[in-house]
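For reference, the structure is listed below as structure tokens.
The figures that follow rest on heavy atoms only: side chains count, while hydrogens, waters and symmetry mates do not.
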Amino acid sequence: MRLRTLTALFVAAFVLATLLTGYAMFTASRGAIVRLVDRRIEAVSDAVLENVRPGDAAGILAQIREILRRRDSGDIGFELRDPAGRRIGGNVALSRAIPAGFSTISHNDRIEGLTEGRAQAREAGGGLTLITVAETEPIDGLAAVRWRTYLLGFGLIAAVGLAGTIAFGVTVRRRIEEVRATALAIIDGDLSRRVPVATQRGVFAEQARTFNRMLDRIAALVDGLRHVGNDVAHDLRTPLARLRSRVALAAARSPGDEMDAALEQCDELLAIFTAILRIAEIDTGDRRGAFETVDLAALVREVAETLTDVAADDGHRLTIARLDEVAIAGDRQLLSQALLNLTENALHHTPAGTRVTLSVEADAAAVRVAVTDDGPGIAPGDLPTARRRFGRLDPSRHRPGHGLGLPIVEAIAGLHGGTLELTDARPGLSAALVLPGRARVSPNAVIPAEAGMTKANDLRS
């Protein structure tokens, strides 16, 4: 779940809980007032009837007048009705019948000076009904005042909670972005990048310090491994070069198959160490400083022209499909090496008659430079092995090679902020450099597949 969504859900839940709490308190306070008013009505009606004989209308009205003369009864009203429901007397006149027990009345009952109140209808003997009325809103507009008070109070609570949640979300988002930016920089090869540490103490500062200590440890381990690999490659390449020279000299003096095989083995070992040093050089990221504008379409045409004769000699068809005219910032030499590696892999590991197609496709998100063949392809379970350094699949173990071609391509893609993508072409394999969409694309500069095949035939001739 995204942080923004999680924050929005929390804010919505907090505001809803606050509003429900305010409404519950308003309802509870209103209920308490109603209960108090009901108890007062019951006490007053008891006072009217306690010293009067049941059914004595004159005595009841006299008792009502006596109670109304008291100063604390200004918000109390009475109405006495006969068995037929007709008004006999009292200081109020209700416009409707009131059921036995307690009821709520309002300004719609047309009682002068009453906004909202409660009424009790009870038997007074002889079929008479005594209706006692009391206000629940002794001040006009008190309900509106209560609503405004609760809305303002709980609204401020909700506003403070919302502001705090937003501030917390912004802080967390900033910290996450700092960690993310650091991680992306390290992925791109900058192992010196660290998460900024806040000057004040706190959980975020401690978390950043711990994270940076972890990165220091990882960087030290990676640097140690890199130096070990580089030192071994450097130290062994010189003796191997001397060994090759001696083997070559011995082969010249005493020609033979065994000497030729030994010489080939020396060349293979030297190629392995050269590839290891090449990957280490690319992984450092130092070559980014020499990036220049590279025309990928022109680079693909150049690679196709270079390998057309080789493909024809092996019985392959090398074609060019879609070519978007795209320019990116990159290392032309390394990108050329990556394309050559992918194309040579497709030519070497597919049978004669296989078509190998080069293409460049670009959109706003990414640039895809692909080498696709219609050969036997690679089983999905074997793809991790193909990408691993020195990883070789069983069908290719009898062919020359050392299993470092794809790792070099992957390192070159990473140097340019991209990835190496291996997918099933149905049939065959599609190996593509997927680079970030920081390119300049010329519209209407696409070579259709048919034209690409013609171009390949021209190159081959």
Check: Arg209 and Val195 side chains under 4.5 Å, non-hydrogen atoms
no
Does the Ser336 side chain pair with the main chain of Gln333, one donor and one acceptor, at a distance under 3.5 Å?
no
The salt bridge (Lys or Arg N to Asp or Glu O under 4.0 Å) partners of Arg213 (sequence neighbours excluded) come to none
So, Thr319 and Thr357: side-chain donor and acceptor under 3.5 Å apart, yes or no?
yes
Which residues pass the side-chain hydrogen bond (donor to acceptor under 3.5 Å, both in side chains) test with Arg332, sequence neighbours left out?
Glu302
Do Leu339 and Leu335 have side-chain heavy atoms sitting under 4.5 Å apart?
no
Between Arg118 and Glu135, is there a side-chain N and carboxylate O pair less than 4.0 Å apart?
no
By salt bridge (Lys or Arg N to Asp or Glu O under 4.0 Å) - contacts of Arg217 (at least two apart)
none
All side-chain hydrogen bond (donor to acceptor under 3.5 Å, both in side chains) counterparts of Asn212, not counting sequence neighbours:
none
Would Asp38 and Arg40 count as a salt bridge (charged side-chain N to carboxylate O under 4.0 Å, His left out) if you check the C-alpha gap in whole Å, the side-chain angles of each, and the deciding distance to 0.1 Å?
CA-CA 5 Å; Asp38 288 351; Arg40 185 184 180 201; over 6 Å; no
If the threshold is 4.0 Å, N to carboxylate O, is there a salt bridge linking Glu42 and Arg39?
no
So, using salt bridge (Lys or Arg N to Asp or Glu O under 4.0 Å) as the criterion, who are the partners of Glu178 when residues are at least two apart?
Arg175
Could you pull out all residues at least two apart from Arg194 that satisfy salt bridge (Lys or Arg N to Asp or Glu O under 4.0 Å)?
Asp216
Asp373 side-chain N/O to Leu429 backbone N/O, donor-acceptor pair under 3.5 Å:
yes
Under 3.5 Å: donor-acceptor pair, side chain of His416, backbone of Asp331
yes
Does Ala362 offer a backbone N or O that forms a donor-acceptor pair with the side chain of Asp324 under 3.5 Å?
yes
Can you name the one residue among Val371, Leu347, Val356 that meets side-chain contact (heavy atoms from CB on, under 4.5 Å) with Leu342?
Val371
Ala366 and Val434 have their tightest heavy-atom pair at CB-CG1, 4.1 Å
Backbone N/O of His316 and side chain of Asp314: donor-acceptor pair under 3.5 Å:
no
Determine, stepwise, if the pair Glu325 / Asp295 fulfils side chain to side chain contact (heavy atoms under 4.5 Å, CB included).
CA-CA 7 Å; Glu325 296 293 337; Asp295 185 342; 3.8 Å; yes
